[in-house]
Protein chains: 2
Amino acid sequence: MSVVFGFLRRPKVRIDIPRLRPREDTVYPKVNLAELTPEVLPYLGQAAYVQLAIFEEVSAAIAAAPSVATKQALAPAASQALDKYERLVAEIRRRVDEPAEVIEPFTAGIDRYRAVVKGGDWYEQIASVYLTAGILDDFFTLLAAGLPGDIAPRCVSILDAETGRRALIDVLSEAIAADPVLGSRLALWGRRVVGDTLLVARSAIHLTGNPESDEQRIEPVFTEMIAAHTRRMDQLGLTA
Amino acid sequence: MSVVFGFLRRPKVRIDIPRLRPREDTVYPKVNLAELTPEVLPYLGQAAYVQLAIFEEVSAAIAAAPSVATKQALAPAASQALDKYERLVAEIRRRVDEPAEVIEPFTAGIDRYRAVVKGGDWYEQIASVYLTAGILDDFFTLLAAGLPGDIAPRCVSILDAETGRRALIDVLSEAIAADPVLGSRLALWGRRVVGDTLLVARSAIHLTGNPESDEQRIEPVFTEMIAAHTRRMDQLGLTA
């Protein structure tokens, strides 16, 4: 799958990545991502639509959940994603009147990706949300470092806020502990979705046009994102 | 469709219905509903699940919305319903440790009803949410009057809060104005859903066992609820 967003070039400004409050056991790499960050509006548009997509996927999982207790446990993940979406939309609205116009260009690519990683049943659906949202949150938080001025820390504080996804880990690890067959299926599924998610991340990167230096920047970031993914798989009791 | 929830009898205490802040153009009837109100926990369990159902239906409509602008316009209706659900769950949690156990008995009946009023396409889905949530909000707000002590005003303040559904009216009335055939279809659909919704409301009522006095109490309430439904249909440009 290839999603091409075609970002405008932006002036190359080096900005140190702010130290982030560690979330779960994620340790962010001390690499300079500034040159990879797209323009402010495309960044916000994509980051916002990713959160809206997470909201929609969690909501679908709530609607299909087997019990009220599970629906209730999943509810914070939906409301937190919706809240992040609204806050990113508010950032867009500070700059343009119609935030939807900024977001719309990214829907087709992200919706195609969502269809691919949707999963064949409820557990795959939950695993996809947990694993892909984890990667994309990490990624957009890292990219935020390259945004100009005070937008960077504001976006980091939006994206790095509570995800409400603890319940997804509980639901999954309980089911996996009870059913080894489900465990091996979800382990495969987890390996399956990471590739497509990294492609989406890659498509959001502003390439400088110098493939060698681009790769030098991208590689350690992706290595660290994959390591964080492996830790999330571990949390579920799965081998990445 | 018949949904029987089987409420426990409760002591007959007459409580004046608190005057509600008018919402939209709904005027609540000055009738005494206190004797019709079920026990606190079944009341809260049903009212909570209705809000969770509204959240799920709005979320499904957001996921299927034709544009980001529409998704965004519908988002407040989802977050407000989820917020009401969470606040009702908090009321249940003041009384029992496991709110889900209080809510679970009502899911089957309400889910059957939801399947019936779901609608065949996106516009029917939106119309159903707007019309049925309007009736059920009115109904549970009225019933709240019969709850003992300070639970009554607390539930009224939860249920009578902002619904975020103004966007549903806009989406529907715009589409209806542009397409008379859709208008007649939705007018039929609006008449169709009101009956099933009133059955759900009726099933939540605590009957005293005296059919004559029960009917005397129920009738003016339902008459007023139907009048409010007619006003909502009018807002959409539809004949009820």
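Order of the sequence lines fixes the chain letters, A, B, ..., with proteins taken first and strands second; residue numbering starts at 1 for each chain. Computed over heavy atoms, backbone and side chain alike; hydrogens, waters and symmetry mates excluded. What you see is a predicted model; the values in this text were computed from it and never measured.
Only the side chain of B/T107 has a heavy atom closer than 4.5 Å to any heavy atom of chain A. For a residue to count as touching a neighbouring chain, one of its non-hydrogen atoms must lie under 4.5 Å from one of that chain's; by this rule B/I62 touches chain A with backbone and side chain alike. Using a 4.5 Å cut-off between heavy atoms, A/S67 touches chain B through backbone and side chain atoms alike. There is no contact between B/A60 and chain A, counting heavy-atom distances below 4.5 Å.
The most heavy-atom pairs under 4.5 Å with chain A, out of B/I103, B/D83, B/D111, come from B/I103.
In this structure, B/D121 pairs ionically with B/R185, as a charged nitrogen and a carboxylate oxygen lie closer than 4.0 Å. Ionic pairing of B/E98 and B/R93 is not present here: no N-O contact between side-chain nitrogen and carboxylate oxygen is shorter than 4.0 angstrom. A salt bridge links A/R165 to A/D137: at least one charged side-chain nitrogen sits closer than 4.0 Å to a carboxylate oxygen.
Side chain to side chain, B/Q72 and A/Y85 meet the donor-acceptor criterion of an N or O pair below 3.5 Å.
For B/D150, the CG atom counts as densely surrounded, since its 6.0 Å shell holds more than 12 non-hydrogen atoms of other residues, nucleotides or ligands.
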